[in-house]
S.K.: 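The structure that follows is given in the form of structure tokens.
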Amino acid sequence: MDQREILWQDFEVGEISRQSLLVETAKQIGMRIEQLTDLSHPRLLRDVAVERKNGRYFLGRETIPGLVSLGESLKDKLPEPEELCGWLITALEVLTYVHEAGINLEGVTLDNVYLSPEGELYLADYAPYRMLSAFRPLAHADEYRAPESFKDTARSAASDVWSLGVVAYRAACGVFPFTDKEAKLIGENILEREPLDPRYYNPKLSAGLAELILSLLTKDPAKRPTASSALNQARKLKEDGALRATSQEEEAFVKGADRKISQAQRSWQRKRFFRNNWGWFAGGIAVILILVSLFRSGKTEEIVTAKTTPLEVVKIYYQALDDLDVIALEQTIDPKVGKQTIDLVSRLHVIEKVNMGMRMQSVQNIEQKEPPPDLVQVDDLQIQGGKANGEARYTATYKLTMPGEGGKKTTSRRDSLLLRKVEGKWRIVELESVEL
């Protein structure tokens, strides 16, 4: 590639009030170009200059005649498994090269991945696209966001791998892995929902290739494969010829596709229903609580007293979690520390009461008097620790069963708890919980 092959792309902004911002952006892109000057991978298209010409700013990028974006290429067809794996290998080779140089591309999208007329794949730096987003909105920008980006963490090599996973899923399936009719739900899906197996959309894929794509979409960046390790997996799949499903596997996924996809859609709809109707549920529980209060003495039962030991407070906390007892929970944990937990238990308590009310009103269940479902279970609880220097520290390990997509989900957890006296009573003032 030489200077004659540079493609000048205009990103002029006509609004005078934003001209100074454009000048500053041009400077930032220039600094980014200098940062990548020493990179010379044959499949990495480098930006080479920012130039001002006749009052306009232009971005110069190395290019090859006939290049088209991957998004344009995928409009009419899905790639064959062998072609998809070849693309993945090339993209992972570029990412490995860039990451080993201590740099990341700040994302991989359908807009910065290109195909030559011969089907060869090229990547371009995504940083300028992000810098120019103030002037030109990025298509499907939220679809590519890594879970860690919602925690205001800096973009990293792991984020590059995630966004490549999104591109690979879109290329393989024809749909984005976390898309939603309501744009505001995309972020929630990225954080909470696991993507459907790509083989339900493209049954030609082998189990190994589908697993590789899904591994790139591992939500925990610490557990997500590096570009280098994913590259080794992709190369092995290619060497073993394990890219295409057998006829029996393909037939099985073709038969189950409509049912599985519709089940996932119904699950999303249920989640949307509960979210949009929390007001109704809250109103229902408010009525229940008012009725309950008429039969109470008017004074909240004192569960945690000045004589309650810190170990007893911890035990009451986990019992309250298991029983969905909001009152006990509020007495054991500092509201600032436990707001999310208290809110969650309150919402589950609402659902439990609504379920109970619906069962009581059901003619079919009057004779049976079935109890409401046990929404939360705390099992195998083990507590270690003690009191020293005016505070108490404990570690609790247990199994927590909670409502999950498609039913209940059980996870093993470990909590670190710190207790201090607040207004003469022991309370949990710090709580860190991790999934094992």
S.K.: Do any N or O atoms from the side chain of Glu250 and from the backbone of Ala245 form a donor-acceptor pair under 3.5 angstrom?
M.R.: no
S.K.: What pairs meet the ring pair (Phe, Tyr, Trp, His ring centres under 6.0 Å) rule with one or both residues in residues 375-402, with sequence neighbours excluded?
M.R.: Tyr318-Tyr398
S.K.: If only side-chain N and O atoms count, and only distance matters, is there a donor-acceptor pair under 3.5 Å linking Ser159 with Arg155?
M.R.: no
S.K.: Taking only residues two or more places apart in sequence, or in another chain, which ones meet Pro225 in a side-chain contact (heavy atoms from CB on, under 4.5 Å)?
M.R.: Ser215, Leu216, Thr218, Ser229, Ala230, Gln233
S.K.: Is Asn112 reaching over with its side chain to a backbone N or O of Gly107, donor-acceptor style, under 3.5 angstrom?
M.R.: yes
S.K.: Using only atom types and a distance under 3.5 Å, with no angle test, would you say the side chain of Arg43 pairs donor to acceptor with the backbone of Leu121?
M.R.: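 Such a contact is found between Arg43 side chain and Leu121 backbone.
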S.K.: Not counting sequence neighbours, list each pair that qualifies as a ring pair (Phe, Tyr, Trp, His ring centres under 6.0 Å) and has a residue in residues 162-192.
M.R.: His140-Phe176, Tyr144-Phe176, Trp162-Phe178
S.K.: Enumerate the ring pair (Phe, Tyr, Trp, His ring centres under 6.0 Å) contacts for residues 71-94, please, sequence neighbours excluded, ordered by first and then second residue.
M.R.: none
S.K.: Could you walk me through whether Tyr114 and Leu70 satisfy the side-chain contact (heavy atoms from CB on, under 4.5 Å) test, starting with their C-alpha distance in whole Å, then the side-chain angles of each, then the deciding distance to 0.1 Å, before giving a yes or no?
M.R.: CA-CA 5 Å; Tyr114 298 90; Leu70 185 59; over 6 Å; no
S.K.: So which heavy atom on Ala158 is nearest to which on Arg224, and how close?
M.R.: O-NH1, 2.8 Å
S.K.: Mark yes when over 12 heavy atoms from residues, nucleotides or ligands other than Lys315 sit less than 6.0 Å from its NZ; otherwise mark no.
M.R.: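 No, not enclosed.
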S.K.: Under 4.0 Å between a Lys/Arg side-chain N and an Asp/Glu carboxylate O for Arg244 and Glu80?
M.R.: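 Yes.
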S.K.: Salt bridge (charged side-chain N to carboxylate O under 4.0 Å, His left out), that's the test. Do Asp47 and Arg32 meet it? Break it down for me.
M.R.: CA-CA 9 Å; Asp47 301 312; Arg32 175 67 175 184; over 6 Å; no
S.K.: What pairs of residues pass the side chain to side chain donor-acceptor pair (under 3.5 Å) test when at least one of them lies in residues 95-106, not counting sequence neighbours?
M.R.: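 Residue pairs with at least one partner in residues 95-106: His99-Asp160.
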S.K.: Not counting sequence neighbours, which residues clear side chain to side chain donor-acceptor pair (under 3.5 Å) with Lys236? List them please.
M.R.: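 For Lys236 the side chain to side chain donor-acceptor pair (under 3.5 Å) partners, ignoring immediate neighbours, are Asp240.
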S.K.: Does the side chain of Thr90 come under 3.5 Å of the side chain of Glu120 through a donor N or O and an acceptor N or O?
M.R.: no
